[in-house]
Amino acid sequence: MMESLFAGMFSPEWFAALSGILLLDILLSGDNAILIALACKNLPEHHKKKAIFIGGFGAVFIRIVCTLFATSVLAAPYIEFIGGAALLYIAVKLLTDHKENNEEGEAPASFGAAVRTILIADFIMSIDNILSLAGVANTVPEGKWSLIICGLLISIPIVLFGAQIFLKLMQKVPALIYGGAAILGWTAAELMVADKGLGMYFEPYALAMKVGFVAIVLSIGYYLNRRYAKEEKLGVTNNE
């Protein structure tokens, strides 16, 4: 078992495939990091780091399970299309979540709800990661599993530290929340276009679809946030 696991390691082909996996991890894990930061933005400070770590390791655990047992299922038609539609909804929901700290200092934003959102969305967004990782690893059949393990391990610090960095940036520049939601909207379109069942119908319009999804997320988010701000202002005026 161990011999088959480490077979093919450190060959030129293995290192070439590992370089591709590292690039994929940087590109694809960034979305997960942004998602985690958005889901944690309204939690109290003492819960933020805990949610980031649980969500980050949960995302990697989901990838491990899916890579080992469900790669063929994830490649089935309509899975990525459904996942893209769900991610589009999550992007709008995270952008328009206004649960903030109350006067007693306890945030109505639930720690459990944040972790749940992270894990569900991570599963959806990990579909591309898993299939891409498996695809690159298959180019070196003898070292396939060692490459997959390395790829999963590399993704852990990228997701965890990336989420913390983006969360700090959002606290200093709140407008970045819109940027994060836009990236999730773009990713949702990418999932739908890559779907094995319906993707062929959307592929000729891939760019327009991605731009359109970003516009949908930002416009709905802006409208709902502006309406919320007006209602809050009206509520304060009435109380006075």
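Just so you know, these numbers use all the heavy atoms, side chains as well, and skip hydrogens, waters and symmetry mates.
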How many angstroms lie between atom [atom1] of [X] and atom [atom2] of [Y], to the nearest 0.5 angstrom?
X	Y	atom1	atom2	value
N42	H47	CG	NE2	14.0 Å
I120	L35	CD1	CG	10.5 Å
I52	I36	CD1	CD1	7.5 Å
L167	I34	CG	CD1	12.0 Å
L191	L88	CG	CG	11.0 Å
L218	N225	CG	CG	10.5 Å

Report yes if some heavy atom in the side chain of [X] is under 4.5 Å from a heavy atom in the side chain of [Y]; otherwise report no.
X	Y	value
R116	F111	no
Q171	K48	yes
F213	T187	no
M170	L38	yes
K196	Y78	no
K168	K172	no
L119	I54	no

* Asked: Taking only residues two or more places apart in sequence, or in another chain, which ones meet K41 in a salt bridge (charged side-chain N to carboxylate O under 4.0 Å, His left out)?
  -> none
* Do Y178 and I165 share a hydrophobic cluster (ILVMFWY, side-chain heavy atoms under 4.5 Å, transitive)? -> yes
* hydrophobic_cluster_shared for I118 and Y89, side chain cutoff 4.5 Å -> yes
If every non-hydrogen atom of [X] is compared with every non-hydrogen atom of [Y], which pair is closest and at what distance?
X	Y	answer
C40	A51	SG-CB, 3.6 Å
G84	I124	N-CG2, 4.5 Å
A39	A114	O-CB, 3.6 Å
G185	A91	N-CB, 4.3 Å
G221	T96	CA-CG2, 3.7 Å

* Could you walk me through whether Q164 and F53 pass the side-chain contact (heavy atoms from CB on, under 4.5 Å) check? -> CA-CA 10 Å; Q164 293 185 64; F53 275 94; 4.0 Å; yes
* **Residue among V217, V214, L94 satisfying side chain to side chain contact (heavy atoms under 4.5 Å, CB included) with L184** => L94
Under 3.5 Å, sequence neighbours excluded: what are the donor-acceptor pairs made by side chains of residues 200-209?
none

* side-chain contact (heavy atoms from CB on, under 4.5 Å) evaluation trace for V211 with W186 -> CA-CA 7 Å; V211 173; W186 184 280; 4.3 Å; yes
* Asked: Does atom NZ of K49 have more than 12 heavy-atom neighbours from other groups under 6.0 Å away?
  -> no
